[in-house]
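Whatever order the structure lists ligands and atoms in, that order sets their numbers, starting from 1. If you read the sequence from its start, that first residue is 1, and numbering goes on from there.
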Amino acid sequence: MSKTFKVAALAGDGIGPEVMREAIQVLRAVEKRFSLSFQITEAPVGWAGIDAAGKALPDATLALCKASDSILFGSVGLPDRDPTIPKEERPERAALLRIRKEFGLFANLRPVQLPKALAHACPLRPERQGDGIDILVVRELTGGMYFGQPKKTEEFFVEEPPAESGATVIMKRAQRAIDTMVYTTPEIERIAHVAFKAASLRRSKVTSIDKANVLENGVLWRDVVSRIGKQHPTVALEHMFVDNAAMQLMLKPTQFDVMLCENMFGDILSDEAAALAGSLGMLPSASLGVTNGEQTFGFFEPAGGTAPDIAGKDLANPIAQILSVALMLRYSFGLGEAANAIESAVGKAIAAGLRTGDIYTPAETTAKKVGTREMGCAIAAGI
Ligand code: NAD
């Protein structure tokens with residue numbers, strides 16, 4: 001008998017429930033077409049969790065996640081809800097950061113795809129877009145400058161004016177902030193393996209980003225990635241300094257397949273790359289944890305937030321959430337064919353001219369403006 005994949009579906013707040021509904025519809029269509037079995041259990045998180053059980057990540061929701069093979073997440077947070085709630089209890093922190101920590105999610109995958117039909121949504125001139133942009137940013141998520149110790153702001157004294165001037169020295173209080181960038185070889189090895197494996201499922205090229213000309217971390221990063229690269233001989237490897245990478249993303253984004261980045265560089269470059277897709281509503285994301293046999297525990301969510309300005313109005317683009325399902329199938333469950341079917345159904349809906357408001361322009365005379373529901377149904381029908 002085939003395996004039943006257990007999915008915790010946490011829709012969250014704002015547009016979360018509407019886009020999750022379409023994603024589940026698509027997952028059910030995939031289940032039918034490929035004779036798979038998914039046990040999808042929905043649970044509250046975010047303000048929905050606070051309303052239901054007094055906590056952004058209710059105990060029962062966390063227990064469900066632990067008993068599942070992966071988490072399909074919507075988004076959490078509503079800026080206008082109760083500003084007096086303590087920072088650490090706010091959904092963005094109490095739910096998202098807690099889940100990241102609890103499940104050891106160390107790899108963040110952000111694909112950026114711009115189909116040719118959506119060239120108008122991209123801020124780059126059409127001639128820079130080639131046959132369409134298709135980049136995967138693989139970002140290390142738990143190390144580097146964001147977590148290294150010591151991390152603090154401290155007071156110290158400076159001499160003013162400097163003693164050499166001969167004047168009376170006054171000691172003046174000042175502050176200094178310290179962040180520490182630290183990476184170990186095991187941390188670099190495991191994220192490098194993720195990038196090379198992902199590249200082998202795509203166009204087999206990894207561009208590793210560093211600042212080896214200035215940072216000790218960059219030198220170690222380059223050495224370790226080169227060594228791991230030798231274990232993946234079918235994937236081509238190149239190294240690029242981060243400043244050049246930022247520029248190349250604007251000049252010739254089509255040269256990239258997989259970009260492998262440490263935490264802070266990945267944070268910045270993944271947002272820069274995301275801008276190329278034209279709308280947050282098109283961008284899925286995956287955060288992966290440990291691999292257990294044939295499966296990798298993962299957390300899959302749209303790159304955008306709860307979009308309170310359009311929530312509940314059938315205006316949200318469900319594609320980011322639907323493509324998050326494709327990432328879950330490919331990277332968590334090893335179901336590449338089913339993942340491809342979702343991506344091609346999205347491609348078909350776009351090619352047929354269906355557009356939610358965020359990717360619509362009246363200049364496209366053959367395009368049809370549709371709502372969340374109609375877009376979701378068209379994609380599900382295309383599976
Ligand atoms: P946002 O991403 O929610 O919205 C930014 C803009 O993008 C808005 O104009 C919105 O309408 C649009 N947008 C986003 N997703 C869209 C979609 N699927 N279809 C069409 N348009 C879409 O960012 P924000 O307004 O800064 O944040 C709103 C709330 O979401 C905040 O509480 C924030 O903390 C939270 N947030 C949560 C997550 C998460 O859960 N991972 C991520 C980012 C922001």
### Query
Any N/O of D309 closer than 3.5 Å to an N/O of ligand 1?
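Yes, there is a polar N/O contact under 3.5 Å.
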### Task
For ligand 1, find out whether one of its N or O atoms is nearer than 3.5 Å to an N or O atom of N317.
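Indeed, backbone or side chain, N317 has an N or O that close.
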Which ligand 1 atoms does [X] reach within 4.0 Å, using its non-hydrogen atoms?
X    : value
E92  : 31 (C), 32 (O), 33 (C), 34 (O)
L78  : 32 (O)
S75  : 39 (C), 40 (O)
A316 : 19 (N)
E301 : 41 (N)

### Message
Assess whether a salt bridge exists between R81 and D13, defined as any Lys/Arg side-chain N lying under 4.0 Å from an Asp/Glu carboxylate O.
### Response
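Result for this pair is no, no salt bridge flagged.
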### Message
Taking E18 first and then R373, would you say they form a salt bridge - that is, a charged N and a carboxylate O separated by under 4.0 Å?
### Response
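So E18 does not pair with R373 through a salt bridge.
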### Query
Have E364 and T361 got a donor and an acceptor in their side chains that come within less than 3.5 Å?
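No donor-acceptor contact under 3.5 Å links the two side chains.
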### Task
With heavy atoms under 4.0 Å as the rule, classify the contact between T306 and ligand 1 as side chain, backbone, both or neither.
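Both backbone and side chain of T306 come within 4.0 Å of ligand 1.
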### Query
Looking only at heavy atoms, is any part of T356 under 4.0 Å from ligand 1, and if so is it the side chain, the backbone, or both, or is it neither?
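Within the 4.0 Å criterion, T356 makes no contact with ligand 1.
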Which residue and atom name correspond to the protein heavy atom nearest [atom], and how close is it?
atom                    : result
atom 1 (P) of ligand 1  : G305 N, 3.5 Å
atom 5 (C) of ligand 1  : L280 CD1, 4.0 Å
atom 21 (N) of ligand 1 : I310 CD1, 3.6 Å
atom 25 (O) of ligand 1 : P308 CD, 4.4 Å
atom 39 (C) of ligand 1 : L96 CD1, 3.6 Å
atom 40 (O) of ligand 1 : V76 N, 2.9 Å
atom 13 (N) of ligand 1 : A307 CB, 3.9 Å

### Message
Quick check: do D210 and F241 have side-chain heavy atoms less than 4.5 Å from each other?
### Response
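Contact flag for D210/F241 side chains = yes.
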Does the protein place a non-hydrogen atom closer than 4.0 angstrom to [atom]?
atom                    : value
atom 30 (O) of ligand 1 : yes
atom 36 (N) of ligand 1 : yes
atom 27 (O) of ligand 1 : no

### Task
Answer yes or no for P79: is there a heavy-atom contact with ligand 1 below 4.0 Å?
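Judged by the 4.0 Å heavy-atom criterion, P79 does count as contacting ligand 1.
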Using atom types as modelled and distance alone, determine if a side-chain donor or acceptor of [X] lies under 3.5 Å from a backbone N or O of [Y].
X    : Y    : value
S37  : T4   : no
R139 : M259 : no
E301 : F73  : no
Q129 : L124 : yes

### Query
Where does the angle between the aromatic ring planes of F5 and F38 fall among parallel (under 30°), tilted (30 to 60°) and perpendicular (over 60°)?
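F5 vs F38 ring planes: tilted.
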### Query
Where is the tightest heavy-atom contact between S324 and F300, given as atom of each residue plus distance?
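Minimum heavy-atom separation between S324 and F300: O-CB, 3.6 Å.
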### Atom pair CG (N217) and CD (E262), whose distance is rounded to the nearest 0.5 Å
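That separation rounds to 7.5 Å.
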### Message
Working to the nearest 0.5 angstrom, can you tell me the gap between L335 CG and L36 CG?
### Response
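Taking CG in L335 and CG in L36, the distance rounds to 5.5 Å.
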